[in-house]
Amino acid sequence: MNIKQYIESGMIEACLTGSASLEDMRELEVLRQKHPEIRIAAEEVQKTLDNYAAMHAIHPPKDLKDKIWTRLSDPKEQETTSQKVEKAVKLESTQTARLMWLKPVAAVAVILLIVSLIMNAYFWQRSNSFSNKITTLEQKITENKDYYTKQIAKNGKSLDIILSANMKQVVLEGVDNHKADAGLVYWNASSKEVYLSLQDLPMPPADKQYQLWAIVDGKPVDAGVYKKIEGSSNLQKMKSVSSKVEKFAVTLENKGGSNTPDLSALYVAGEI
Amino acid sequence: MSIFNFNTEEDLVLGLNHKDREAFNYLYDNYASSLYGVIIKIIGSQDEVVNDLLQETFVKIYSHIDQYDPEKGRLYTWMLNIARNTAIDYARSRKFKQRHNNIKLGNLDSTISSENLSNDFPVDHIGLESVTERLEKKYKSIIDLLYFKGYTHQQVSEILDIPLGTVKTRLRKALELLKKEMNKTK
């Protein structure tokens with residue numbers, strides 16, 4: 001560094017009058033020890049200041065000396081600042097020393113607390129989603145239950161019908177082009193109830209429906225249309241027929257049925 | 001005559017460390033008036049508070065003596081700075097300002113206020129006067145503002161209405177001239 005420049009800048013004078021920053025004063029301390037020129041320059045400036053201060057000297061009042069000595073020799077004043085600070089630090093450290101064992105324990109406790117809070121949040125969220133799932137499942141089960149109950153009831157009914165002693169089973173065989181097809185009629189002569197199952201027949205086009213005919217005295221009598229539902233066993237109750245029925249036949253008619261059978265669309269038929 | 005020999009500053013400091021009465025006597029007899037004079041210069045008058053401030057200075061000297069580092073300078077310099085700072089702190093405090101609304105802190109020329117001539121003129125008041133007479137006002141004022149009043153360079157540049165950089169160079173010039181004048185008086 002440029003020593004001459006430093007000296008001529010007036011930094012030394014600024015530091016020694018206490019008007020420079022702490023940084024600058026610290027720097028001067030370092031430079032004084034490093035460079036003899038700076039040390040000498042600083043000593044000169046300091047001497048000037050010290051002497052100038054001494055020129056202002058005024059005798060204090062005579063009694064002040066003893067007063068000051070009394071104050072200084074007061075046992076309370078006996079300790080130097082450093083000693084007082086030392087005492088305070090020691091006191092503080094014994095107080096904290098007693099509780100030192102708490103420190104690591106406290107730290108661990110805090111960590112555990114945080115971990116447990118995180119886990120709580122996680123599990124709560126999981127539990128929430130679980131109960132949501134459960135509710136959904138319960139609903140589904142109820143729906144299924146209702147459905148199956150109905151199905152079973154239906155099936156139960158069908159079974160009852162079939163197994164009734166008064167029921168007569170009439171097999172409807174396929175005719176002409178429909179040799180592979182077959183249907184089933186259950187007929188109760190006394191109650192005149194008729195049940196039809198066309199399980200094995202193909203699904204009709206959307207605008208057509210199967211219709212059951214009862215042949216009475218050689219003439220066909222409408223016994224109702226059949227609603228074919230894909231995939232379910234279908235024993236449907238048809239219209240009641242006269243006990244004099246000789247034959248049953250099924251044709252494919254337009255949706256809603258027709259008054260007279262379309263004999264070209266005859267699928268299956270069977271004699272009592 | 002004291003038993004103890006305080007030929008070296010080291011001995012003196014040792015004595016102070018041990019709260020020795022003789023050491024205190026030596027210290028007080030040789031330096032108290034310098035410290036007292038500086039305090040008065042800063043406060044602006046020989047107000048009764050200056051006695052308390054001198055006492056405070058000695059209390060601080062004693063309680064901080066173990067922090068004094070001979071490497072950093074003379075004991076006298078160290079004590080002077082304690083006295084200066086004690087007085088400057090008080091001068092800036094509200095207490096002082098409340099009691100002394102009338103005193104202009106910018107009163108640069110007086111060493112003792114005429115309203116309170118009690119004890120003494122400066123011991124070397126003739127010498128002081130001769131030096132300050134010969135020093136140009138602008139140089140005298142910059143030393144007073146920075147060294148005795150403890151203003152910052154920024155504040156001084158505002159008070160004297162000069163650029164910030166000029167403060168430093170003018171202070172250096174002032175102390176150079178002061179040194180010359182003081183050497184002349186010798």
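Naming convention: chains lettered A, B, ... in sequence-line order (proteins, then strands); numbering from 1 in each chain.
Considering all non-hydrogen atoms of both residues, A:Ser19 and B:His153 come closest at OG-NE2, 2.7 Å. Residues B:Lys168 and A:Ala14 share a closest heavy-atom pair of CG-CB, 4.2 Å. Nearest approach of A:Tyr52 to B:Thr132, heavy atoms of both residues: OH-CG2, 3.8 Å. Listed here is the closest heavy atom pair of B:Val59 and A:Leu72: CA-CD2, 3.7 Å. For the residue pair B:Tyr36 and A:Pro61, the shortest heavy atom distance occurs at OH-CD, 3.3 Å.
With a threshold of 4.5 angstrom between heavy atoms, B:Leu146 approaches chain A through its backbone and through its side chain. Interface remark: A:Asp66 contributes side-chain atoms only to the contact with chain B (heavy atom separation under 4.5 Å). For a residue to count as touching a neighbouring chain, one of its non-hydrogen atoms must lie under 4.5 Å from one of that chain's; by this rule B:Tyr31 does not touch chain A. Neither the backbone nor the side chain of B:Thr152 comes within contact range of chain A; no heavy atom of the residue lies under 4.5 Å from a heavy atom of that chain. The parts of A:Glu8 that come within reach of chain B are both its backbone and its side chain, each placing non-hydrogen atoms under 4.5 angstrom from that chain. With a 4.5 Å cut-off on non-hydrogen atoms, B:Ile143 touches chain A through its side chain but not through its backbone. Both the backbone and the side chain of A:Leu49 come within contact range of chain B, with heavy atoms under 4.5 Å apart. Interface remark: B:Arg170 contributes no atoms to any contact with chain A (heavy atom separation under 4.5 Å). For a residue to count as touching a neighbouring chain, one of its non-hydrogen atoms must lie under 4.5 Å from one of that chain's; by this rule A:Ile7 touches chain B with backbone and side chain alike.
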Start with the C-alpha gap between A:Leu64 and B:Phe58, add the side-chain angles, then the distance that decides, and say whether side-chain contact (heavy atoms from CB on, under 4.5 Å) holds.
CA-CA 11 Å; A:Leu64 196 50; B:Phe58 271 95; over 6 Å; no
- prompt: Where do B:Glu56 and A:Arg71 land on the salt bridge (Lys or Arg N to Asp or Glu O under 4.0 Å) test, with the steps shown first?
  reply: CA-CA 10 Å; B:Glu56 273 316 302; A:Arg71 171 92 185 267; 3.4 Å; yes
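One finds the CG atom of B:Asp69 at 8.5 Å from the CD atom of A:Glu29 (value rounded to the nearest 0.5 Å). In this structure, the separation between CG on B:Leu145 and OG1 on A:Thr17 is 11.0 Å, given to the nearest 0.5 Å. Atom CG of A:Asp50 sits about 10.0 Å away from atom CE of B:Met79, to the nearest 0.5 Å. In this structure, the separation between NE2 on A:His56 and CD1 on B:Ile40 is 11.0 Å, given to the nearest 0.5 Å. Considering NZ of A:Lys67 and CG of B:Asp52, their distance stands at 6.0 Å, rounded to 0.5 Å. Atom CZ of B:Arg74 is separated from atom CD of A:Gln46 by 8.5 Å, given to the nearest 0.5 angstrom.
The number of heavy atoms from other shown groups lying within 6.0 Å of CE (A:Met119) does not exceed 12. The local environment of CG in A:Asn128 is crowded, with over 12 non-hydrogen atoms from other residues, nucleotides or ligands closer than 6.0 Å. Within 6.0 Å of the NZ atom in B:Lys173, the count of heavy atoms belonging to other residues, nucleotides or ligands does not exceed 12.
A 4.5 Å side-chain heavy-atom check between A:Pro60 and B:Tyr28 finds at least one atom pair inside the cut-off. Considering only heavy atoms from C-beta on, B:Asn25 stays 4.5 Å or farther from A:Trp69 through its side chain. At least one side-chain heavy atom of B:Met182 sits under 4.5 Å from a side-chain heavy atom of A:Met55. The side-chain heavy atoms of B:Asp29 and A:Lys65, taken from C-beta on, include a pair separated by under 4.5 Å.
Taking a cutoff of 4.0 Å between a charged side-chain nitrogen and a carboxylate oxygen, B:Lys179 and A:Glu44 qualify as a salt bridge.
Per-residue counts of heavy-atom pairs under 4.5 Å with chain A were compared for B:Leu171, B:Thr169, B:Thr77; the largest is that of B:Thr77. Ranked by heavy-atom pairs under 4.5 Å with chain A, the first of B:Leu54, B:Val38, B:Val156 is B:Leu54.
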